[in-house]
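Computed over heavy atoms, backbone and side chain alike; hydrogens, waters and symmetry mates excluded. We name chains A, B, ... by the order of the sequence lines, and we start the count at 1 in each one.
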Number of protein chains: 2
Amino acid sequence: MAQIQRNQPLYEQLMWRIKAQVAAGVLVIGEKLPSVREMALIEGLNPNTVAKAYKALEAQNVIETVTGKGTFIRRNGENADDELVEQLKNKLIEVTIEAKRVSISPNQLHSWIDELYGEKQ
Amino acid sequence: MAQIQRNQPLYEQLMWRIKAQVAAGVLVIGEKLPSVREMALIEGLNPNTVAKAYKALEAQNVIETVTGKGTFIRRNGENADDELVEQLKNKLIEVTIEAKRVSISPNQLHSWIDELYGEKQ
DNA sequence: TACGGTGTACCATGTAACATAGTACACGTA
DNA sequence: TACGTGTACTATGTTACATGGTACACCGTA
């Protein structure tokens, strides 16, 4: 209904915003996220859409949800799920194929990666 | 209707198969692709779905289509569209955030990239 | 010229995902 | 008890996908 969107569903966009904030250190472990209804107001989304994002994030162990209390940032996983690694590699393959096609050097990709890893350790 | 699928639409899956074959050197510049109807039989898809993939690939300058003759592999683009680079970078950001989260080292990502760049120069 | 192969453009149908709206429930805390 | 929390429904509407089918303009060749 809202759907101004470019390519990605709204709930996935929200997931990435949260993930990025965790990766950047803006959201720290144990920190409480806004409630489903509150986040809906902030982001201009339907509470159901936020709930969908939260549920998906919990399935990925990014957040922890305690019924009646709220949702909280979880500590990073140490070992990766095989399926997740495979999925991640496939996505990287797509990026690399595309980069190669338009003559972007591997070093350019490397520096983009290092740039992100550098943020807050 | 067919839709056994994991995640990606069929026409996009076909696009990536063709792109990968170009990147790997299986398909060379000037080579003719199977016709829309022929490819549909090969891949078990509807001709319209193949046509959609071909049309998208032409929009990305991967192939060239000559009405009445067929579709052919195009030479690689030298300079990248700004929007495409931005899109590519965003995808890489997503990969990196996810990799960081599950404790995959940047060096691991680097080697995956170099591995693909190594294929047939 | 006629014919077959090519990409393209339609229209119609059905399925699934997405997003919203609204209601209700079980739980924990103050 | 009252309130806020996540969750689970049902319902509605839109959009993307995929397929089926038909038709057209173009090219090359017999």
Side-chain angles (χ1 to χ4, degrees), chain A residues 1-19 22 27 29-74 87 91 94, chain B residues 1-19 22 27 29-74 87 91 94:
Chain A
M1 209 77 162
Q3 281 292 74
I4 308 177
Q5 225 191 300
R6 54 197 104 277
N7 238 330
Q8 250 182 350
L10 298 179
Y11 80 95
E12 278 190 25
Q13 291 179 34
L14 176 59
M15 287 176 66
W16 281 115
R17 275 196 293 276
I18 295 173
K19 280 189 183 184
V22 174
L27 294 173
I29 300 174
E31 189 164 346
K32 185 178 179 300
L33 284 176
S35 75
V36 168
R37 296 167 179 79
E38 199 175 351
M39 180 67 92
L41 287 178
I42 296 173
E43 296 285 344
L45 298 174
N46 188 282
N48 286 330
T49 304
V50 178
K52 188 171 184 179
Y54 279 16
K55 193 179 174 186
L57 283 173
E58 184 174 32
Q60 296 180 3
N61 285 326
V62 177
I63 61 178
E64 187 176 11
T65 158
V66 185
T67 326
K69 286 192 63 178
T71 62
F72 307 87
I73 304 296
R74 200 171 190 151
Q87 187 183 343
K91 206 165 174 179
E94 290 187 357
Chain B
M1 209 74 161
Q3 280 294 73
I4 308 177
Q5 234 192 292
R6 52 196 107 275
N7 239 332
Q8 249 183 350
L10 298 179
Y11 80 95
E12 278 190 25
Q13 291 180 33
L14 177 58
M15 286 175 67
W16 281 114
R17 275 197 292 276
I18 294 174
K19 280 189 183 185
V22 174
L27 293 173
I29 301 173
E31 189 165 345
K32 184 177 178 301
L33 285 176
S35 74
V36 168
R37 296 167 179 82
E38 198 175 353
M39 180 68 91
L41 289 179
I42 295 173
E43 297 284 343
L45 298 174
N46 188 283
N48 286 331
T49 305
V50 178
K52 189 173 185 179
Y54 279 15
K55 192 180 176 184
L57 284 172
E58 184 174 33
Q60 295 180 4
N61 286 324
V62 178
I63 61 177
E64 187 177 9
T65 160
V66 185
T67 326
K69 285 193 65 177
T71 62
F72 307 87
I73 305 296
R74 201 171 189 151
Q87 187 182 343
K91 205 164 175 180
E94 290 188 356

Can you check whether [X] reaches [Y] side chain to side chain, under 4.5 Å on heavy atoms?
| X | Y | answer |
| --- | --- | --- |
| B:Glu94 | A:Gln8 | yes |
| B:Tyr54 | B:Ile18 | yes |
| A:Lys19 | A:Leu57 | yes |

List the protein contact pattern of nucleotides 24-30 of chain D with one symbol per nucleotide (5' to 3'): B for base contact, S for sugar-phosphate-only contact, - for none; contact means a heavy-atom distance under 4.0 Å.
-> --BS---
Which heavy atom of [X] sits nearest a heavy atom of [Y], and at what distance?
| X | Y | result |
| --- | --- | --- |
| A:Tyr11 | A:Ala53 | O-CB, 3.6 Å |
| A:Ala40 | A:Asn46 | CB-C, 4.0 Å |
| A:Gly70 | A:Lys32 | CA-CE, 4.3 Å |

What is the distance, rounded to the nearest whole Å, between atom [atom1] of [X] and atom [atom2] of [N]?
| X | N | atom1 | atom2 | result |
| --- | --- | --- | --- | --- |
| B:Leu41 | D:dG20 | CG | P | 11 Å |
| B:Leu33 | C:dG7 | CG | C1' | 13 Å |
| A:Leu14 | C:dA19 | CG | P | 11 Å |
| B:Asn46 | C:dT13 | CG | C1' | 12 Å |
| A:Lys52 | C:dA21 | NZ | C1' | 16 Å |
| A:Glu12 | D:dT15 | CD | C1' | 16 Å |
| A:Leu10 | D:dG13 | CG | P | 20 Å |
| A:Gln8 | C:dA19 | CD | C1' | 15 Å |

Classify the side chain of A:Asn48 and the base of C:dG22 as holding, or not holding, a donor-acceptor pair under 3.5 Å.
->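 Flag set: donor-acceptor pair detected.
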From the list C:dC18, D:dT19, D:dT7, which nucleotide is the closest neighbour of the side chain of A:Tyr11?
->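 For the A:Tyr11 side chain, the nearest candidate turns out to be C:dC18.
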A:Glu58 near the nucleic acid: base, sugar-phosphate alone, or nothing, with a heavy-atom cut-off under 4.0 Å?
-> sugar-phosphate
Does C:dC18 have OP1 or OP2 sitting under 4.0 Å from an N or O in the side chain of A:Thr49?
->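 Result: no.
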Distance below 4.0 Å between A:Thr65 side-chain N/O and D:dT5 OP1 or OP2 = no
With A:Arg17, which residues qualify under side-chain contact (heavy atoms from CB on, under 4.5 Å), at least two apart?
-> A:Gln13, A:Leu14, A:Glu43
